A.B. asks: 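Structure provided below as structure tokens; questions to follow.
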Amino acid sequence: MRIGDAAAAAGTTPRALRFYEQRGLLPPPTRTATGQRQYSPGDVARIRLIRELLSVGLTIGDIHSCVDHLHLIEADPTRPCGAAQATPGPGIAARRLAALNDEIARLTRLRDQLAARVRAGAAPSRTPSSSHQAETPSPRRSA
């Protein structure tokens with residue numbers, strides 16, 4: 001199937017497919033005699049897997065680092081993501097989860113600090129648009 005059909009079948013866009021190919025997440029597809037990309041049902045399954053992994057918080061870099069093992073997840077979707085990894089140590093999904101937990105903790109601290117300032121009355125009371133208006137002189141009309 002052509003790129004538009006494959007993209008539609010996977011719930012994405014042709015641009016995304018070209019991006020995945022450029023980043024090495026998809027192997028270069030076969031080409032027709034006129035140079036158009038041709039995708040197989042297996043390619044569409046891989047695209048769906050990539051989209052699913054991105055939707056749960058993995059990055060393009062995370063997926064690229066284990067691209068040679070995606071077939072293991074495709075073959076057994078219940079397989080733990082870390083089990084598809086070739087090197088020992090924490091799996092990609094576990095590392096991403098730890099990074100997300102760190103970011104949530106950082107944002108929670110930031111929210112708590114801001115909430116404390118608001119309660120204490122120390123937060124700025126002007127909105128960005130009102131401060132912009134105060135700093136920008138209004139244009140004068142010529143008579």
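The model shown is predicted, which means the values in this text are computed figures rather than measured ones.
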A.B. asks: Using 0.5 Å steps for rounding, measure from the CD1 atom of I47 to the OG1 atom of T12.
C.D. replies: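 If we round to the nearest 0.5 Å, I47:CD1 and T12:OG1 are 8.0 Å apart.
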A.B. asks: Identify the heavy atoms of L17 and A6 that sit nearest to each other, and give their distance.
C.D. replies: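 Scanning both residues completely, I find the closest heavy atoms to be CD2-CB, 4.0 Å.
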A.B. asks: To the nearest 0.5 Å, what is the distance between CZ on R51 and CG on L25?
C.D. replies: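 R51 atom CZ to L25 atom CG measures 13.0 Å (nearest 0.5 Å).
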A.B. asks: Taking CZ in R15 as the centre, count heavy atoms belonging to other residues, nucleotides or ligands within less than 6.0 Å. Is the count above 12?
C.D. replies: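 Atom CZ in R15 is not packed in, count stays at 12 or less.
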A.B. asks: Would you kindly confirm whether L97 and I63 end up in one hydrophobic cluster when ILVMFWY residues are joined by side chain heavy atoms under 4.5 Å apart?
C.D. replies: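 No; tracing contacts between hydrophobic side chains, which count when under 4.5 Å, never links both residues.
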A.B. asks: Can you hop from F19 to L26 via hydrophobic side chains spaced under 4.5 Å?
C.D. replies: yes
A.B. asks: Roughly how far apart are T30 OG1 and R37 CZ, rounded to 0.5 Å?
C.D. replies: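 If I round to the nearest 0.5 Å, the distance is 11.0 Å.
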A.B. asks: Please determine whether the number of non-hydrogen atoms from other residues, nucleotides or ligands lying under 6.0 Å from atom CZ of R18 exceeds 12.
C.D. replies: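 Result for CZ/R18: enclosed.
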A.B. asks: For residues I60 and Y20, determine if any side-chain heavy atom of one lies less than 4.5 Å from a side-chain heavy atom of the other.
C.D. replies: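 Yes - at least one pair of side-chain heavy atoms lies under 4.5 Å apart.
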A.B. asks: Donor-acceptor pair, T32 side chain versus Q36 backbone, under 3.5 Å?
C.D. replies: yes
A.B. asks: I need the Q38 CD to R31 CZ distance, nearest 0.5 Å.
C.D. replies: 10.5 Å
A.B. asks: Please list all pairs meeting side chain to side chain donor-acceptor pair (under 3.5 Å) that have one or both residues in residues 102-111, counting only residues at least two apart or in different chains.
C.D. replies: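 Side chain to side chain donor-acceptor pair (under 3.5 Å) check on residues 102-111 returns E103-R106.
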A.B. asks: At their closest point, which heavy atom of P14 faces which heavy atom of A7, and how far apart are they?
C.D. replies: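 Minimum heavy-atom separation between P14 and A7: N-CB, 3.5 Å.
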A.B. asks: According to side-chain hydrogen bond (donor to acceptor under 3.5 Å, both in side chains), who are the partners of T59, at least two apart in sequence or on a separate chain?
C.D. replies: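 Testing T59 for side-chain hydrogen bond (donor to acceptor under 3.5 Å, both in side chains), a comparison that skips the adjacent residues, returns D62.
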A.B. asks: Can you measure from CG (L53) to CG (L70) and round to the nearest 0.5 angstrom?
C.D. replies: 6.5 Å
A.B. asks: Nearest 0.5 Å, please: how far is CZ in R95 from OG in S65?
C.D. replies: 6.5 Å
